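For clarity, every value in this text was computed on a predicted model and none was experimentally measured. Chain naming here is simple, since letters A, B, ... match the order of the sequence lines and numbering starts at 1 in each.
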There are 2 protein chains.
Amino acid sequence: MVPHLTTALHGPLLELEQRILDGNTSIERWFRLRWLTHEPPFYCSVDLRNSGFKLAPVDTNLFPGGFNNLSAAFMPLAVQAATAAIEKICPEAKNLVLVPENHTRNKWYLENVATLAAILRQTGLEVRIGSLNPEISGPTELETATGKKLRVEPLKRLGSGSRVGVEGFDPCAILVNNDLSAGIPDILKDVNEQVLLPPLHAGWALRRKSTHFAAYDEVAAEFAQLLQIDPWLVNPYHARCGEIDFQARAGEECLASNVSMLLEKIRVKYLEYDIKDTPYVAVKADAGTYGMGVMMVRDAAEVRDLNRKQRNKMAVVKEGLAVTDVIIQEGVHTVERIEEKAAEPVVYMLDRYVIGGFYRVHGARAADENLNAPGMHFVPLAFEAACTVPDPHASCDAPPNRFYAYGVVARLALAAAGLELERTAPPE
Amino acid sequence: MVPHLTTALHGPLLELEQRILDGNTSIERWFRLRWLTHEPPFYCSVDLRNSGFKLAPVDTNLFPGGFNNLSAAFMPLAVQAATAAIEKICPEAKNLVLVPENHTRNKWYLENVATLAAILRQTGLEVRIGSLNPEISGPTELETATGKKLRVEPLKRLGSGSRVGVEGFDPCAILVNNDLSAGIPDILKDVNEQVLLPPLHAGWALRRKSTHFAAYDEVAAEFAQLLQIDPWLVNPYHARCGEIDFQARAGEECLASNVSMLLEKIRVKYLEYDIKDTPYVAVKADAGTYGMGVMMVRDAAEVRDLNRKQRNKMAVVKEGLAVTDVIIQEGVHTVERIEEKAAEPVVYMLDRYVIGGFYRVHGARAADENLNAPGMHFVPLAFEAACTVPDPHASCDAPPNRFYAYGVVARLALAAAGLELERTAPPE
């Protein structure tokens, strides 16, 4: 069920994983207590990198697509988690509207929407798809990649205008699967009677990666204390620069000095752990997704001498959003390989539960490159025991145990996202 | 993953299953609303019989053993369900004591205890095994069927005596996996500060099958109304007789007239649905388990002419409990076969969630006999999509769909058990 991973394990990771396995009961209790005071977001996917010496999240997505890439065998887990989540949000609810991304021709994305809608329907909700896309002016039938029919309707204000839904259908909750890179649409503003999942400030119109990773610093520090480990083993260094203008070459100094400082910090750690890899950092737009606006840097000089093409690439992300703020993040090499190709695990969560995951695989990218790029493909993982159930009788690098560690680190990012959303919530 | 079932389907069941599949969303919402006002028991297993024209529970177990018979692939579902249940009961809990049956030499039962403890540990609880068995006078290491070590300690009163636990270990909750056929032990009486799961009145010292099936009548009637079906399709007729003494031949008249009445009612239904099978009823001890004290009857005359051996068999159940009350239950033939052998599905639930199941198979028993008897074996089912997720694109008798119907009917029995426990609860 699980593809063979030619993971080249070093000592420190084995040690980290062993600590995580040994700490299973206290880790689960620690999460349970955390969720009592800090709600996780409704859903979340986390890109992890496993470098053989550290295991860390590099991206936390609050509008996960790709539900169709999860192993079908684990749909019951997703349904059960969604049921628990819905019970808390609107226990008596009958209706839910799902707001997708605007792209109507990406059939795999539509497959994701169909999968997500199917999961929600299994919890006993009527689900309709309400689009923000101005091209959708009436009920429209779209076809998914596997030939399923998906009925999409225009999202609209209902009745007196205080509620949102689709024609003749008033939902209790609106599940947003659109990352709002284009800004918060008017139709979703001032919606107070219905629950918006996740809240609007989770969208890239307002969200910042640097705020997320600042929250992650805290969560990782607490977790490291629980396990008595160096927090660096689960946490990449990061810094940020504002007031960047790639086209006008403004802010290059901030970028260069932060890159230099981070590379130096990484070098110190590499010496401490006797790691022979070449340190690198990822420079990413502080707001935005889809792997756009990402650059891998091994030397500060590189960011001082960007050519026109590189500047253009970094200057805008999805929906043409200009990049003015960047996060500089410690690069984590991946040692995971599937059929000789670089791979990184992506873990999916619904409410507080890990529901599955897959490997993102890229045949043309190296271990220190961004795999979230055209040419990537996905290997759905049975995620034997779905990341949550370690097998104390198996060896530490047996798949269920490896995946348990993935599920734990992914949930650290989930907890950070909860904290981030609490702190960035607009005043009531 | 799923054994081939040579299910000989007739029209009506297909019709019933189609209704259940079509009603998926409204059924799930119906359950969701139910659980808002009626809590399910902590755990439960339900024996189902599928006769090709009806699908009904015949036994509801509130102290399920056999967790080791579930497919390991679905352990994450069990862990997730247990996590949700524990959060409600004692969210900050660290410790739980599991009270097993007294038999220390049944290595498969010990395997069940080990599996159950493993599930609970994954939710972040420290779990210790506290035995009622007077032979366990100190920490004792037992070996399970697969060679796991199980440490069992004597259950004892702690500190000032108001709390129960094991030496040096004070639990928040006590999970009872002992059906209390031998009566309620003093050590579990007046335990008010800790949560007993399930409550003591769920034990066979107090519980009656007839009360359960009376509650089931109500749940089945409501469900039948929701689906606009004949409730008989999911509900076997039943009646009860008290003041029976098999040895003294007292109560035979009540038994004979009720058997006669039930057989007549079944005949009328068989005519209505054009069913050619021979009606029969099961006579069972109203309190008790393990398939003991069960007799299949095709004619009222049979219960008037019990020979000594039959009377002895019916007179006592587990722990030598004398049988004074019996339930007479419509027999449901099983049409399920695994490798030509009669089989019946057993569905497991934790809190409100279906977590898996298996087939109980008996090579030497017929379709209208009790399969819960020496010689039975278990075929763990992947329960493709774990009973909870129907596939609207597959045909009605595709395994995921068949299993969805199982999960629905099993949860009806779960809901009945919740109602039963509410109504039989002792005054606070």
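Although no hydrogens or angles enter the test, the distance criterion places a donor-acceptor pair under 3.5 Å between the side chain of A/Q80 and the main chain of B/L77.
Between the CD atom in B/Q122 and the OG1 atom in A/T25 there is a gap of 7.0 Å [rounded to 0.5 Å].
The 12-atom threshold is exceeded at CD of A/E143, counting heavy atoms of other residues, nucleotides or ligands nearer than 6.0 Å. Within 6.0 Å of CD on B/E422 lie more than 12 heavy atoms contributed by other residues, nucleotides or ligands.
Listed options B/V127, B/L36, B/I86 were ranked by heavy-atom pairs under 4.5 angstrom with chain A; first place goes to B/L36. Ranking A/E126, A/E87, A/R32 against chain B, the residue ahead of the rest is A/R32, based on heavy-atom pairs under 4.5 Å.
For chain A, the nearby parts of B/A81 are the backbone and the side chain; heavy atoms of each come within less than 4.5 Å. With a 4.5 angstrom heavy-atom cutoff, A/I119 does not touch chain B via any of its atoms. Heavy-atom distances place no part of A/A118 under 4.5 Å from chain B, backbone and side chain included. For chain A, the nearby parts of B/A93 are the backbone and the side chain; heavy atoms of each come within less than 4.5 Å. Proximity to chain A involves both the backbone and the side chain of B/L125, based on heavy atoms less than 4.5 angstrom apart.
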Step-by-step side-chain contact (heavy atoms from CB on, under 4.5 Å) determination, A/E92 to B/L33: CA-CA 6 Å; A/E92 306 191 23; B/L33 293 178; 3.9 Å; yes
